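Data block below; observations after.
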Amino acid sequence: MSRYESLLEAAGDTPLVGLPRLSPAVPEGAPPVRLWAKLEDRNPTGSIKDRAALFMVREAERAGRLRPGDTILEPTSGNTGISLAMVAKLRGYRLVCVMPENVSAERAQLLRMYGAEIIFSPAAGGSNQAVAKAKQIAAEHPDWVMLFQYGNPDNARAHYETTGPELLRDLPTITHFVAGLGTTGTLMGTGRYLREKVPGIEIIAAEPRYGELVYGLRNIDEGYVPELYDASVLTRRFSVGTQDAVLRTRQLVEVEGIFAGFSSGAILHAALAVAHQAVKEGTRADVAFVIADGGWKYLTTGAYGGTLAEAEEALDGQLWA
Amino acid sequence: MAIEVRIPTILRTYTGGAKSVEGAGDTLSALLTDLDSKYSGLRGRLITEQGGLHRFVNIYVNDEDVRFLGSLDAKLNDGDNVTILPAVAGGAFGFAAAAAMLGRSTAPVR
């Protein structure tokens with residue numbers, strides 16, 4: 001069905017497409033090893049985050065945490081802010097996003113177009129300044145509602161209820177699921193569902209490895225592990241460097257015609273690693289992985305052209321996934 | 001047996017500022033013991049008093065998380081690359097700010 005009562009109903013049910021050119025060749029007579037991409041850029045605002053935003057808002061409404069006219073507060077510079085802005089607009093909420101002032105101008109412009117208000121935290125001082133600003137805002141506005149995607153079980157549930165069942169419906173022979181590790185919601189929700197339904201399935205995380213600046217904590221105790229994260233859902237976890245992510249992102253568009261953001265390139269890198277291993281071991285594999293968003297929002301980084309070293313330099317210090 | 005180990009910025013005080021050092025060992029535990037003999041105190045920043053990997057430390061062998069390869073018992077081979085990184089969620093800004101607003105601590109859970 002492709003007719004919906006409103007844009008909100010059009011979220012999810014994204015296409016799963018085969019990648020015959022990027023799938024590794026197998027020797028004659030050997031079992032097939034196939035890659036499948038779930039095109040989450042086909043969601044209403046162009047990213048997988050629409051699923052979590054919609055689900056978190058609906059569940060907060062159901063629980064009485066959100067009432068008409070309420071203000072939603074979300075510290076984000078990324079896709080979740082854009083998704084929430086769309087959902088908030090259509091459901092009648094005000095959205096305030098807190099973000100560092102060094103995010104790209106187009107990101108802020110996009111959020112404002114969707115109707116979000118933006119409070120900038122100082123770029124100098126990094127996350128410590130952001131935390132200080134966030135504390136101040138929360139103290140001044142105790143009535144604002146924060147959905148907290150890193151610890152909100154409804155983020156993972158969105159994928160347990162939708163992404164997981166869609167994958168199993170479209171690819172009953174699935175052997176591997178690969179996705180990015182940020183809030184961990186996609187992997188926790190989809191992973192739990194698939195583990196319940198498909199014995200022996202592998203759930204694989206691809207984690208972006210950023211430039212050194214991003215890891216500039218003062219000490220180890222300032223690290224973060226999202227509250228949603230449960231390592232027992234995963235079977236493997238790969239760290240993918242900037243150059244590998246950029247290389248695979250370019251291959252996606254050059255070889256298969258899929259124009260994606262860099263996190264999807266990182267995910268493809270991990271998917272290819274497990275696919276090549278299956279070829280080596282002579283086992284059948286249907287590897288489904290996530291295209292988290294399109295490449296449009298990242299074009300101005302300049303990382304789609306030039307050498308890989310130049311691309312790495314262009315992305316240095318940026319949260320590219 | 002030489003294994004290249006990449007050291008994150010915050011731990012380079014132990015390696016005299018070196019970004020990358022060489023070590024030896026056939027398991028991760030043996031490698032960390034070897035490194036500690038040259039860079040005293042390093043092992044203690046990665047391993048808790050209970051003997052497990054620190055919650056906010058991630059260690060990768062050839063880009064794969066050691067927690068899924070046997071943790072400290074993960075096998076190492078000559079020529080392997082080991083990367084040590086502090087745990088930073090993608091979108092760490094959002095997480096840090098959100099945790100602060102909720103009045104939650106981001107300090108380690110013990």
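So that the names make sense, note that chain A is the first sequence line, chain B the second, and so on, each numbered from 1. Because only heavy atoms are used, hydrogens play no part in the values below, and waters and symmetry mates are left out as well, while side chains stay in. Note that the structure is a prediction, hence the values are computed from the model and not measured.
More than 12 non-hydrogen atoms from other residues, nucleotides or ligands lie less than 6.0 angstrom from NZ of B/K38. The local environment of CD in A/Q243 is crowded, with over 12 non-hydrogen atoms from other residues, nucleotides or ligands closer than 6.0 Å. Around the CZ atom of B/R6, the shell of radius 6.0 Å holds no more than 12 heavy atoms that belong to other residues, nucleotides or ligands. Around atom CD of B/E49, no more than 12 heavy atoms belonging to other residues, nucleotides or ligands sit under 6.0 Å away.
At a heavy-atom separation below 4.5 angstrom, chain A is approached by B/Y60, B/D63, B/E64, B/D65, B/F68 within residues 60-74 of chain B.
Applying the salt bridge (Lys or Arg N to Asp or Glu O under 4.0 Å) rule to pairs touching residues 8-17 of chain B yields A/E212-B/R12, sequence neighbours excluded.
Qualifying salt bridge (Lys or Arg N to Asp or Glu O under 4.0 Å) partners for A/D230, counting only residues two or more places apart in sequence or in other chains: A/R192. Under the rule for a salt bridge (Lys or Arg N to Asp or Glu O under 4.0 Å), A/D50 has no partner lying at least two apart in sequence or in another chain.
Heavy-atom distances place no part of A/T184 under 4.5 Å from chain B, backbone and side chain included. A/L147 does not touch chain B: none of its heavy atoms, backbone or side chain, sits under 4.5 Å away.
When all heavy atoms of B/N58 and A/R237 are compared, the pair lying nearest together is ND2-NH2, 3.3 Å.
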